[in-house]
Amino acid sequence: MVTTVLICGKIFDGLDDTLGGPTKILIQDDAITELSNSVGRPAGAPVIDLGNRTVAPGFIDTHVHLCLDGLNLKQQTIQCSAVKALDGLHHAQQYMRYGFTTLRDMGTLDPDWPTTNLRDALEAGKAHGPRLVVAPHMISATGGHADAQGMFPCRCRLGLSRVADSPGRIRELVRMEHAFGGDWIKTMNTGGYMSFGDDPAKVTWFEDEMQCLAQTAQQLDLPLAVHTGAAEGCKQALRAGARSVEHCYLIDDEGIAMAEQAGAFLVPTMQMTREDKELLQARTLPQQAVWKFRRDVDAIEAAQQRIVRSAVKVAYGTDCGMFPFSHGILEFQAMVAAGLSPARALKAATSVAAELLQRDELGILAPGKQADIVAMPGDPLADIAVTTTVDFVMRAGRAYRHGTYDILQ
């Protein structure tokens, strides 16, 4: 049994709205066994002094795309699966340096299964990196947000997309995701901004199609995440029993109330909006997104204001892959700028994100929980920007970064 002791200056446990005082954490193998003012220290056990740091649970990003490059989508999409998986490994490792010990990957445009292969390699210890929870592909209607054919001439058939227009085909695609090891089902029921030939303000699934997909996922015991934009799309997703609603760009008060009543989670990806605004102002936003985003940006920000004023469960998700992973840590600041309290933003990336993923061993610092732990100088409740200064990262009891020691560098 490998035993480690952490000496912590302040502690955010993932649940409280305030920081705890000096604390010691006893870790045995991959789990926390004791957390108090004083812990038994076995002879010879290594001690890591974080006495001048705020310690928190490892961060969880519930919406990334390790195998997509949103600003180079046409060229990157047609790369081979191995290249995408290797790029995804690089992104995952670098992102863990910022404190993200768990990622939910929300799908790739590929005929194969690079994210499930990557998840399994990391789980088997063949490479170092965060744990992955994956929705391998994105399912949509023909001409929907996940239909890559809009990027290419009609005669170009590369098998990149998972599209369906009948109940039988919808069920087949969901069953394939299950058979090949998917943890989640991801679908798009409206258009999106970076895709070609669709519109986020329009719903692309009919009600019976959405229900068919959701019922198949439910029968296979797979939780459902729905990319959606239009207010009606948000409500359609919630009527179908979606566990998480992604982006929810144009959600209205009724949709938020439905999410609260259902106990569903909203993943509003607020930094993505800030990234797109900068690109729009710099005139470098991809052309297919310009007219849609320019039309909707004010409404998107108004929807974010509705979300933060509500009591709905908000989980941390960025859409990294559609913009650089190095900017994903800025989601904390985007959330607080939109009106979330720093404590609620931190919970969104810890205990709330863990609840969304149904992983109760994550997101909280307490005995029996996984030893996924990060530390940073300063007080993130007083200044959320200190989350960008994480300099200690432990995943499952193993330190991957500590000051100048950085196994992922």
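We use all heavy atoms of the structure for the numbers below, so side chains are in, but hydrogens, waters and symmetry mates are not. Just so it is clear, the structure is predicted and the values come from calculations on it, not from any experiment.
Of all non-hydrogen atoms in H227 and G192, the two that sit nearest each other are NE2-CA, 4.0 Å. Among all heavy-atom pairs drawn from G378 and T54, the shortest one is O-OG1, 2.6 Å. Across V314 and M335, no two heavy atoms sit closer than the pair CG1-CE, 3.8 Å. The minimum heavy-atom distance between A164 and L173, with the atom names listed, is CB-CD1, 3.8 Å. Listed here is the closest heavy atom pair of A217 and I185: CB-CG1, 3.9 Å. Between V374 and G99 the shortest heavy-atom distance is CG1-O, 3.4 Å.
Side chains of H63 and H247 form a contact here, defined as non-hydrogen atoms less than 4.5 Å apart. Under the 4.5 Å side-chain criterion, counting only non-hydrogen atoms from C-beta, F180 is not in contact with T116. Taking the side chain as every heavy atom from C-beta outward, T23 and S36 never approach each other to under 4.5 Å. I11 is listed as a side-chain neighbour of L35, based on a closest heavy-atom distance under 4.5 Å.
With H402 as the fixed residue, the side chain to side chain contact (heavy atoms under 4.5 Å, CB included) test singles out one of V393, I407, D49, L50: L50. Considering F332, F265, F59 in turn, F332 is the only one that fulfils the ring pair (Phe, Tyr, Trp, His ring centres under 6.0 Å) rule with Y316.
Ring geometry for Y95 versus F100: interplanar angle under 30°, hence parallel rather than tilted (30 to 60°). In this structure, Y193 and F293 have perpendicular ring planes: the angle between them is above 60°, well past the 30° mark. The aromatic rings of H91 and F325 sit parallel, their planes meeting at an angle under 30°, below the 60° perpendicular limit.
In this structure a side-chain-to-backbone donor-acceptor pair under 3.5 Å is present from D105 to G107. Counting only distance, with no hydrogens or angles, the side chain of N189 and the backbone of G233 share a donor-acceptor pair below 3.5 Å. Under a 3.5 Å cut-off, the side chain of E361 and the backbone N or O of Q370 do not form any donor-acceptor pair. Listed for the D319 side chain is no donor-acceptor partner under 3.5 Å among the backbone atoms of M322. Distance alone, capped at 3.5 Å, is enough to place a donor-acceptor pair between the T190 side chain and the G229 backbone. Within the 3.5 Å criterion, the main-chain N or O of R97 finds a donor-acceptor partner in the side chain of R401. Using modelled atom types, no side-chain atom of Q305 and backbone atom of G339 make a donor-acceptor pair closer than 3.5 Å. In this structure a side-chain-to-backbone donor-acceptor pair under 3.5 Å is present from K186 to M106. Side-chain atoms of H137 come within 3.5 Å of backbone N or O of D110 as a donor-acceptor pair. Formation of a donor-acceptor pair under 3.5 Å by the S351 side chain with backbone atoms of G14 is found in this model.
A donor-acceptor contact closer than 3.5 angstrom links the side chains of Q304 and T273.
Comment: R104 does not engage D61 in a salt bridge, judged by the lack of any side-chain N to carboxylate O separation of less than 4.0 angstrom. Electrostatic pairing of D391 and R53 counts as a salt bridge here, judged by a charged N lying under 4.0 Å from a carboxylate O. Between R239 and E232, at least one side-chain N (NZ, or NE/NH1/NH2) sits under 4.0 Å from a carboxylate O, which counts as a salt bridge. Between K313 and E355 there is a salt bridge, since a side-chain N of the basic residue sits under 4.0 Å from a carboxylate O of the acidic one. One finds no salt bridge joining D30 and R395 here, because no Lys/Arg side-chain nitrogen approaches an Asp/Glu carboxylate oxygen to under 4.0 Å. We find that R119 and D183 are joined by a salt bridge, their nearest charged nitrogen and carboxylate oxygen being less than 4.0 Å apart. A salt bridge between R344 and D17 is absent, with no side-chain N of the basic residue lying under 4.0 Å from a carboxylate O of the acidic one. Salt bridge status for E172 with R175: absent, with no side-chain N to carboxylate O gap under 4.0 Å.
Environment of CD in Q219: sparse, with no more than 12 heavy atoms of neighbouring residues, nucleotides or ligands closer than 6.0 Å. Within a 6.0 Å sphere centred on CD of E123, other residues, nucleotides and ligands contribute 12 heavy atoms or fewer. With a 6.0 Å radius and a threshold of 12 heavy atoms from other residues, nucleotides or ligands, Q28 has its CD atom above the threshold.
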Assess the residue pair L365 and V55 against the criterion (side chain to side chain contact (heavy atoms under 4.5 Å, CB included)); give the C-alpha distance rounded to whole Å, side-chain angles, the decisive distance to 0.1 Å, and a yes or no. CA-CA 9 Å; L365 298 182; V55 174; 4.1 Å; yes
Mind running side chain to side chain contact (heavy atoms under 4.5 Å, CB included) on V226 and V245 for me, showing each step along the way? CA-CA 5 Å; V226 182; V245 181; 5.5 Å; no
CA sep, side-chain torsions, deciding dist, call: K347, F12, side chain to side chain contact (heavy atoms under 4.5 Å, CB included): CA-CA 9 Å; K347 290 177 186 179; F12 172 75; 3.9 Å; yes
Kindly determine whether H327 and E275 satisfy side chain to side chain donor-acceptor pair (under 3.5 Å), including the steps that lead there. CA-CA 9 Å; H327 296 188; E275 297 281 331; 2.8 Å; yes
In sequence, state the C-alpha distance, the side-chain angles, and the governing distance for I60 and R359, and then conclude on side chain to side chain contact (heavy atoms under 4.5 Å, CB included). CA-CA 11 Å; I60 302 170; R359 299 291 296 265; over 6 Å; no
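Applying the salt bridge (Lys or Arg N to Asp or Glu O under 4.0 Å) rule to pairs touching residues 280-302 yields D198-K292, D199-R295, K277-E301, sequence neighbours excluded.
Judged by the 6.0 Å distance and 45° axis criteria, R398 is positioned over the aromatic ring of Y400.
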